[in-house]
Amino acid sequence: MTARNASYQPPQPAEGGSAQGGTAPSGIIEGGIAARARAAAAPPYLDGLNAEQREAVETTDGPVLVLAGAGTGKTRVLTTRIAHILATGRARPGQILAVTFTNKAAREMRSRIGALIGQSVEGMAWLGTFHSIGVKILRTHAELAGLKRDFTILDTDDQIRLLKQIIQAENIDDKRWPARQLAAHIDGWKNRGLTPDKVPQGEAYAFANGRGGELYKMYQERLRILNAVDFGDLLLETLDVLRKHPDVLEDYQRRFRYVLVDEYQDTNVVQYLWLRLLARREDGAPGNICCVGDDDQSIYGWRGADVDNILRFEKDFPGSKVIRLERNYRSKAHILAAASHLIAHNEGRLGKTLHTEDEDGEKVAVACAWDSEEEARQIGEEIERLQRKGESLDQIAILVRASFQMREFEDRFVTLGLPYRVIGGPRFYERAEIRDALAYFRVVVQPADDLAFERIVNLPRRGLGDATLKILHAYARHHSVPLTQAAAVLVETEELKPKPRTALRQVLEMFERWRGELETTAHTELAPVILDESGYTRMWLDDKSPDAPGRLENLKELVRSMEPYESMTGFLEHVSLVMDAESGEQEEKVSLMTLHSAKGLEFDTVFLPGWEEGLFPHQRALDESGKSGLEEERRLAYVGITRARQRARIWFASNRRIHGLWQSSIPSRFLDELPASSVDVVETGSVSGNWGYGASRFDNRETFSSPYDTPGWQRAQGRKASGARTSAPRLIEGEVIARSSGTASAFAKGERVFHQKFGYGRVTAIEGNKLTVDFETSGPKRVIDSFLEKH
DNA sequence: CGGAGCGGGATTTTT
DNA sequence: TCCCGCTCCG
């Protein structure tokens, strides 16, 4: 343990991330002679860890679950633990399996381990995302899965196009049974480890009158023919190989002496099965697996994550140790109190009590705006105020529940000239022009890539329309050959009309030429040549739409991004797994993102707008998943609040436009669940108080027998019991504020009415409960009848 | 082949 | 209301 320490450097203060500031607790605090003795000999990388963190680092053997609350130094523990395992000679870098969900997390871990042990971590070949490790294993044993080693990885877009082809080939109405939906089913099945033969009858029946399972099977067969896999397969097929080939499995079990898992609460069933298999010793006992996670931050249930995995850990891994990290190093006390009190309303949780030694700080502010426009305006003003006080815009974030909420903020920021960045929007590699360019590269490298070939044969237009493609498909299907090969045969026959035949021959010749040049030319030089010679660049140059220049710019950026890769193949492999591109911005900007994409980030100031029933908690989460949906929404609220270091400001608007209609809204039940003692109700002048809103709405109880007796929950139940959401009266503390008639409207054409937002007007048209009213001050608007009063 | 016009859908997102 | 994708027609 000591001999190697010399080569390791003291820990660097963690950059940004979950930096844990202040003084390091010494061994004395931990107490006990043994602890002191350990502290005396402690290697420098353990410096600054608190007792629990240190325990999590040093308990290397057997299964360990580290319950790491928000801001408790989770990444630090994970990386230090790896450094510790390496430093003490327990394993070599290649013997540690460390999995994350995102590439970003994997990158961060890699760089932090590097900083910790003061050297590069190239040896850590098995640090990566579940998917990248899946690919690695699957490529090695491709033939065991009926694949060739150079299989292609389809992204969601390819997947849907392929499914659509299958649905259409089966003469199923793809309008009634959209490929997207089938893709969602298939993903769901794969997430749960279900191969086509294992899909429960009832679920298979849910798509296309019982043909779901059959279509899934056909899809898998088609993938085999294409020598391709989708994202789900990277996990499921790998699992299948490990299950069916004990010798292969044993090989990996022996190799991975230590297994570490980040964000364990986000794992789905396949990932869980995968880990259980890999982290088992040859004698069947659970191996050295360390899962780090926080059940309170499980917000991906809707995409297959199974919170039960973390809740069940102790049962799954007998003899395991559970370590709780409860000291928060991020937020001021009031923020932490608000978040803790809120999340305590959830029933299905392991339970943690976060605490901080930091001062109280500002109370969490709750403010009300008349409508979403005013909400954006007020927040904009507050940001300018903070900016004047010297706060960095980089330290300010607005976290919304749904992306449509972003627009109003963007509009406002543009008007104010306030620099902002949207995080998590459409990603670089998902843009059409990038996907087109990549399709060209894919066909060059892999002529059998039918999906890529189809995407660009006729882009730019070459006169190779549906008719030609149909002939190609027929031939390819009949002879079981890829489309390019079918094309090569068909250009030599009379089957195609002269025009398309020449065009097709030219396309094939181009690809042949580029393929030859790939041998001699650097991929970074060839890429622009391909784009130019194919006419693809020309296509955008000739395009007069306003976004064409931007697309050309993106193409240039794409070529630039190929630089670090040694070959075209290497680059494409990277792209298929890492769908993000780093952009090096330096200007200070406010961040705008959804609550989901905020997980793992932190800011001094966090604005949380849109805390209204129906939006947050989102109605759909409640309708589709009931209580567990509500609890996941509440966890999302918890994630939101705990992003803040210094101040959190929650907003709700009394009126919001949803799908073009103005709807009145009521404050979120989550506001009821905040502790009065840590909240400040902010008077915004005009309207707060209109709702009788005040301290009485907050939760004054220290404890609750059941969280489901809060006013918010009761209200929700009352609403649910009375049927459809729009037909039930909406209540605030007993007062009816809106009533929708559902079918026939109580209003007549020409009638004079009053609306709380627009004032007086006259009804000009009626469509069910949607009325068009010509308002005296603001002109004609479409509104729901329930917000109108007769006058 | 390309543009207009229509209907349906409109949480959250990674790989 | 707004946006996307598909169909239909010239």
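Just so it is clear, the model here is predicted, and its values are computed rather than measured. Just so we're on the same page: letters track the sequence lines, and every chain starts at 1.
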Handout entry: Between B:dT11 (C1') and A:R620 (CZ): distance, integer Å
Key = 7 Å
Problem - Greater than 12 external heavy atoms within 6.0 Å of A:R224's CZ - result: yes
Handout entry: For DNA chain B, the residues among residues 636-643 of chain A that have a non-hydrogen atom under 4.0 Å from it
Key = none
Problem - Centroid distance under 5.5 Å and plane angle under 30°, A:Y300 vs B:dT13 - result: no
Exercise for the section: Map A:H659 and A:S576 onto DNA chain B by nearest heavy atom, then report which one ends up closer to the 5' terminus. Expected result: A:H659
Problem - Residue A:A402, side-chain atoms from C-beta onward, closest of C:dT7, B:dT14, B:dT11 - result: B:dT11
Exercise for the section: Measure from the side-chain heavy atoms of A:S597 and tell me the nearest of B:dT15, B:dT12, B:dT13. Expected result: B:dT13
Completion exercise
Picking from B:dT15, B:dT11, B:dT13, the nucleotide nearest the side-chain atoms of A:H596 would be B:dT13
Exercise for the section: Under 4.0 Å between any heavy atoms, over every strand shown, what does A:G134 touch: base, sugar-phosphate, or nothing? Just pick one. Expected result: nothing
Completion exercise
Assign each of A:D187 and A:H618 the nucleotide of DNA chain B bearing its closest heavy atom; nearer the 5' end lies the nucleotide of A:H618
Exercise for the section: Go through B:dT15, B:dT13, B:dT11 for me and flag the one nearest to the A:N103 side chain. Expected result: B:dT15
Practice task
Find the distance A:L615:CG to B:dA10:P and express it as a whole number of Å.
Solution key: 16 Å
Problem - Any side-chain heavy-atom pair of A:L277 and A:W274 under 4.5 Å - result: no
Handout entry: Distance below 4.0 Å between A:T129 side-chain N/O and B:dT14 OP1 or OP2
Key = no
Handout entry: Atom pair distance, as rounded to whole Å: CG in A:D173 and P in B:dG8
Key = 12 Å
Problem - A:I137 CD1 to B:dT15 P, straight-line distance once rounded to whole Å - result: 18 Å
Handout entry: OP1 or OP2 of B:dT12 under 4.0 Å from side-chain N/O of A:S403
Key = yes
Handout entry: Any donor-acceptor N/O pair, A:R401 side chain to A:P617 backbone, under 3.5 Å
Key = no
Exercise for the section: List in chain and number order the residues that pass ring-ring contact (aromatic ring centres under 6.0 Å, His included) with A:Y638, two or more places apart in sequence or in another chain; answer none if no residue qualifies. Expected result: none
Problem - Between B:dT12 and C:dG5 - P atom distance, rounded Å - result: 16 Å
Exercise for the section: Could you walk me through whether A:W177 and A:L182 pass side-chain contact (heavy atoms from CB on, under 4.5 Å), step by step? Expected result: CA-CA 8 Å; A:W177 302 105; A:L182 180 58; over 6 Å; no
Practice task
Report the residues that fulfil salt bridge (Lys or Arg N to Asp or Glu O under 4.0 Å) with A:D230, sequence neighbours left out, ordered by chain and then residue number.
Solution key: A:K190
Practice task
Select base, sugar-phosphate, or nothing to describe what A:E633 touches, counting heavy atoms under 4.0 Å on all strands.
Solution key: base
Practice task
May I ask you to verify if any side-chain N or O of A:K190 is less than 4.0 angstrom from the OP1 or OP2 atom of B:dT15?
Solution key: no
Exercise for the section: Using a heavy-atom cut-off of under 4.0 Å over every strand shown, decide if A:L154 touches base, sugar-phosphate, or nothing. Expected result: nothing
Exercise for the section: Have a look at A:E624 and say if it touches a base, only the backbone sugar-phosphate, or nothing, with a 4.0 Å heavy-atom cut-off. Expected result: base
Exercise for the section: Provide, to the nearest angstrom, the distance between the CZ atom belonging to A:R407 and the C1' atom belonging to B:dT11. Expected result: 17 Å
Problem - Atom pair distance, as rounded to whole Å: CG in A:D230 and P in B:dT14 - result: 18 Å
Problem - Whether over 12 other heavy atoms sit under 6.0 Å from A:K136 NZ - result: yes
Practice task
May I ask you to evaluate whether A:N458 reaches the phosphate of B:dC1, defined as a side-chain N or O under 4.0 Å from OP1 or OP2?
Solution key: yes
Practice task
For the pair A:E633 (side chain) and A:H618 (backbone), establish whether a donor and an acceptor sit closer than 3.5 Å, ignoring hydrogens and angles.
Solution key: yes
Practice task
Classify the side chain of A:R657 versus the base of C:dT1 as yes if they form a donor-acceptor pair under 3.5 Å and no if they do not.
Solution key: no
Problem - Under 4.0 angstrom between A:R303 side-chain N/O and B:dT14 OP1 or OP2 - result: no
Practice task
Name the orientation class of the two ring planes belonging to A:F413 and A:Y420 (parallel below 30°, tilted from 30 to 60°, perpendicular beyond 60°).
Solution key: tilted
Problem - Given B:dT11, B:dT15, C:dC2, the nucleotide with the shortest approach to the side chain of A:T156 - result: B:dT15
Handout entry: Interatomic distance, A:R401 CZ vs B:dA10 P [rounded to whole Å]
Key = 14 Å
Practice task
Pick the P atom in B:dT13 and in C:dC2, then give their distance to the nearest Å.
Solution key: 23 Å
Exercise for the section: Specify the separation, in whole Å, of atom CG of A:L661 and atom C1' of B:dG9. Expected result: 14 Å
Problem - Side chain of A:A621 - closest among B:dT11, B:dT12, B:dT15 - result: B:dT11
